[in-house]
Number of protein chains: 4
Amino acid sequence: MAAPARKKPVKRRRSPIQSRGQVTVDAIVEAAAQILAKKGPAAATTNAVAARAGVSIGTLYQYFADREALLREIGRRHVAEMQAVLAGALTGMEGLALPAAVDRLVSAIVAMHRVAPRLHQALHQSLARDHLDTIDAFEVAVEAMVASALVGRGDDLDLPHPELTATVLVRGLGGLIRTTLRREPERLDDPALALAMRAMILGTLGESRRKG
Amino acid sequence: MAAPARKKPVKRRRSPIQSRGQVTVDAIVEAAAQILAKKGPAAATTNAVAARAGVSIGTLYQYFADREALLREIGRRHVAEMQAVLAGALTGMEGLALPAAVDRLVSAIVAMHRVAPRLHQALHQSLARDHLDTIDAFEVAVEAMVASALVGRGDDLDLPHPELTATVLVRGLGGLIRTTLRREPERLDDPALALAMRAMILGTLGESRRKG
Amino acid sequence: MAAPARKKPVKRRRSPIQSRGQVTVDAIVEAAAQILAKKGPAAATTNAVAARAGVSIGTLYQYFADREALLREIGRRHVAEMQAVLAGALTGMEGLALPAAVDRLVSAIVAMHRVAPRLHQALHQSLARDHLDTIDAFEVAVEAMVASALVGRGDDLDLPHPELTATVLVRGLGGLIRTTLRREPERLDDPALALAMRAMILGTLGESRRKG
Amino acid sequence: MAAPARKKPVKRRRSPIQSRGQVTVDAIVEAAAQILAKKGPAAATTNAVAARAGVSIGTLYQYFADREALLREIGRRHVAEMQAVLAGALTGMEGLALPAAVDRLVSAIVAMHRVAPRLHQALHQSLARDHLDTIDAFEVAVEAMVASALVGRGDDLDLPHPELTATVLVRGLGGLIRTTLRREPERLDDPALALAMRAMILGTLGESRRKG
DNA sequence: CATGAATGAGGATTCATTCAT
DNA sequence: TATGAATGAATCCTCATTCAT
């Protein structure tokens with residue numbers, strides 16, 4: 001088994017304010033993320049991570065209480081990156097007409113999932129159920145974001161349950177993208193798929209307008 | 001007396017010719033599935049499985065070449081069960097009008113995902129990429145099934161790319177259901193969600209009719 | 001968290017950079033050699049070796065990729081020791097008359113085989129055929145050495161096929177000594193046996209001189 | 001480890017006088033010998049032997065108290081076969097002149113070692129030190145046989161210590177042949193080697209005649 | 001007598017984690 | 001702080017052996 005998770009005591013370790021430690025932490029996190037993405041959770045042993053980061057195993061434990069803590073930190077950073085990509089891809093959507101806005105949304109969500117799909121999956125595989133919080137919280141936030149975007153369009157798109165619609169869209173699109181990424185990664189570049197996703201969104205919005 | 005020896009992976013193990021053996025195999029598979037579902041892959045050690053099944057570890061290895069083989073068998077059985085549920089929930093759909101048929105499809109896919117969601121997730125986490133075949137094959141089959149159902153409706157639903165639409169629907173719906181199952185399992189009983197899924201399907205179908 | 005995973009055999013292990021490590025390695029090798037010699041290969045389990053060496057099993061695996069690697073290292077050291085003994089026992093043979101030289105050779109080969117006969121046999125029993133290289137290479141080297149010694153004596157001993165004669169002598173003498181060591185170890189001190197070996201060598205040399 | 005050898009109690013099992021059992025025993029012994037010879041001691045597990053013999057593991061234990069007992073029986077039969085070959089190759093040596101007799105002896109001993117060299121080696125590897133008796137006894141007998149043959153030649157070969165000479169010859173020749181068999185099996189057909197062995201014997205005999 | 005399912009002690013190996021230097 | 005040698009519980013898996021049928 002990879003992570004026995006022998007203990008509960010959540011020992012905090014120093015949070016590096018000095019740059020020296022920050023560099024070290026970054027190296028460790030980066031090394032772990034790379035191994036995770038390239039070889040999967042089983043290969044991401046603490047010793048392997050330390051070796052690839054060029055630090056000793058002792059140093060790793062100076063900054064992370066245990067393996068799980070390291071994984072959680074990776075999750076945190078991964079989510080932050082997804083968020084940044086998403087935010088970037090969504091800016092200036094206010095003025096757009098609905099079809100253009102939908103195109104924008106589609107490509108934004110696709111872009112977000114492209115950030116580091118292998119890492120994304122590896123994190124899902126390696127984090128214990130009780131530590132997916134960060135990722136879950138992000139997904140909730142995305143749904144809220146899309147919901148408010150839907151509301152923001154006003155009468156243009158008068159939806160009876162915008163949150164619900166947002167949930168369906170975000171989770172549906174997300175699932176579609178993740179499944180595709182796992183089984184046919186190259187297909188994500190197929191314009192036909194983008195069109196189909198667009199149709200799904202537009203159709204769902206249109207259909208949701210009348211009855212909820 | 002001599003040295004151990006690393007041996008070539010001879011995968012096959014005895015397949016039970018006595019009924020006694022079949023009972024044992026079932027007990028093992030059942031035990032493993034339960035542990036997997038309740039405590040996740042890390043807890044499903046071969047020893048734990050044997051103990052819960054009430055057999056010795058040696059017996060487990062009499063029927064399964066290694067831990068992976070056991071997991072694969074569980075995957076096979078799980079998929080078979082999903083398939084059975086899906087097939088059962090889809091019978092007699094030919095005569096139905098589109099909205100009723102969609103309702104039927106939605107509840108069928110939901111039912112299918114309800115089979116053993118924790119186990120489903122655990123299998124995805126534990127099986128190495130090269131052993132998800134069985135599950136992947138099933139998902140492909142479901143998409144094909146839905147595609148042919150779409151084609152089968154004829155002019156009623158004249159779609160330019162029925163396979164693509166089926167893919168989008170099945171993966172989208174699947175992702176939506178799985179995410180919901182993981183994060184808000186009780187919500188899957190919410191009629192509002194069912195309606196929203198219906199809207200998504202109907203909308204997607206309607207929108208896909210014109211441009212592909 | 002994730003599944004165990006069978007991994008590619010990465011053979012190399014840390015080679016000690018601190019002297020502490022060297023001490024540990026020596027202790028492990030020494031312990032293994034002792035068990036091997038006293039109780040045979042079956043008793044030389046990695047756990048038993050670690051215990052006798054006074055280190056944990058983990059430490060053993062820090063220095064040896066697997067059990068075979070440890071055995072091979074023992075083989076290497078054993079051969080080195082035999083070589084040293086042989087070289088020591090053969091120095092200054094050039095000036096000697098043939099009978100004296102033969103006496104010297106006999107006692108050298110006997111001494112070489114006395115180094116650690118039980119270990120010698122245990123190694124032959126435990127090493128897989130593909131890892132007897134080191135030992136075989138040494139035996140070849142010994143034959144070559146003796147062959148060149150035979151050639152070196154010049155007209156004094158004009159042999160038609162010195163390599164062949166060396167092979168016969170070394171293998172014959174070796175087998176004689178090993179068999180005796182195994183069945184009647186004390187007899188190796190019997191001067192009569194030494195004389196008989198001498199007779200065998202001198203006789204063989206004499207007889208080989210004419211026809212090859 | 002291959003054979004834990006957990007116990008000492010030498011439980012006798014039925015010795016089959018009826019032909020049915022004899023056939024079974026033969027099948028088992030034959031199967032074990034083949035596996036031993038082809039794949040080495042580690043592959044000769046009791047289950048593998050039973051499978052190859054076409055009987056159940058239970059049946060194997062009906063005839064052999066434990067794995068060691070089976071190995072010992074194989075040893076016994078192997079030795080008997082060697083003995084038969086040796087005896088056959090030595091018949092009618094009385095009338096021969098010394099050189100011809102020596103040729104005969106050489107080819108007899110070579111033939112004896114050719115019987116089943118892989119099995120021979122496997123037996124040496126797998127039998128615990130305390131169970132090599134049968135093989136050792138045979139070797140002693142061979143030495144005695146040769147000694148008496150030497151004595152039998154009378155004045156023709158007036159040796160001061162015929163037993164010692166026989167020992168040296170038999171063990172030396174044996175070692176030479178076994179080493180060659182292991183390292184350069186094809187070379188045993190080389191006529192030059194036969195000549196060299198002949199020279200060794202003749203020379204040894206000649207040299208031993210004067211001083212012992 | 002034969003069968004083969006079941007047993008479980010024992011062996012090799014891994015890896016998260018600690019701690020003396 | 002950093003290091004890396006050392007730890008040992010935990011895991012997978014094998015195989016000689018038993019015994020109910």
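Since this is a predicted model, take the numbers as computed values, not measurements. In what follows, chains are A, B, ... by sequence order, proteins preceding strands, each numbered from 1.
Expressed to the nearest 0.5 Å, how far CZ of D:F64 lies from OG1 of D:T59 amounts to 11.5 Å. Atom CD1 of A:I28 and atom CD of A:E73 lie 10.5 Å apart (nearest 0.5 Å). Within the model, atoms OG of A:S126 and CG of A:L119 stand 8.5 Å from one another, a figure rounded to the nearest 0.5 Å. With values rounded to the nearest 0.5 angstrom, B:L127 atom CG is found 8.5 Å from B:I74 atom CD1.
Taking atom CD1 of D:I57 as the reference point, atom C1' of F:dA20 lies 16 Å away to the nearest angstrom. One interatomic measurement links the two molecules: CD1 of A:I35 to P of E:dA16, which rounds to 11 Å at whole-angstrom precision. Distance CG (C:D66) to P (E:dG11): 17 Å, rounded to an integer number of Å. C:Q62 has its CD atom 16 Å from the C1' atom of E:dA12, to the nearest Å. Atom-to-atom, CG of B:L71 to P of F:dC13 comes out at 10 Å; the value is rounded to the nearest Å. Atom-to-atom, OH of D:Y63 to P of F:dA16 comes out at 20 Å; the value is rounded to the nearest Å. Distance B:I28 CD1 to E:dT7 C1': 13 Å, rounded to the nearest Å. For B:Y61 and E:dG11, the OH to P distance is 18 Å, given to the nearest whole Å.
Distances shown here put every side-chain N or O of B:T46 at or beyond 4.0 Å from the OP1 or OP2 atom of F:dC13. Not one side-chain nitrogen or oxygen of C:S56 sits closer than 4.0 Å to the OP1 or OP2 atom of F:dG8. For the pair B:T24 and E:dA6, the criterion of a side-chain N or O lying under 4.0 Å from OP1 or OP2 is met.
Look at the C1' atom in both F:dT21 and E:dC1: the space between them is 13 Å, to the nearest Å.
Closest to the A:T59 side chain, of the nucleotides E:dA12, F:dA2, F:dT7, is F:dA2. Of the candidates E:dC1, F:dT17, F:dC13, F:dC13 carries the atom nearest the B:R67 side chain, counting heavy atoms from C-beta on. In the set F:dT7, E:dG4, F:dA16, F:dA16 carries the atom at the smallest distance from any side-chain atom of D:T45.
For B:R77 and B:D26, the salt-bridge test passes: some basic side-chain N is under 4.0 Å from an acidic carboxylate O.
Nearer the 5' end of DNA chain F, as judged by each residue's closest nucleotide, is the contact made by C:L60, out of B:A48 and C:L60. Between C:N47 and B:V55, the residue anchored closer to the 5' end of DNA chain E is B:V55, taking for each the nucleotide with the nearest heavy atom.
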Can you give me the dot-bracket string for DNA chain F, 5' to 3', counting Watson-Crick and G-U wobble pairs with both distances under 3.5 Å, using [ ] for crossing pairs and | for partners on another strand? .||||||||||||||||||||
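Counting heavy atoms from C-beta outward, A:T46 and A:L70 have side chains that stay 4.5 Å or more apart.
For the ring-ring contact (aromatic ring centres under 6.0 Å, His included) test, residues two or more places apart in sequence or in another chain that qualify with A:H120 are A:H78, A:H124.
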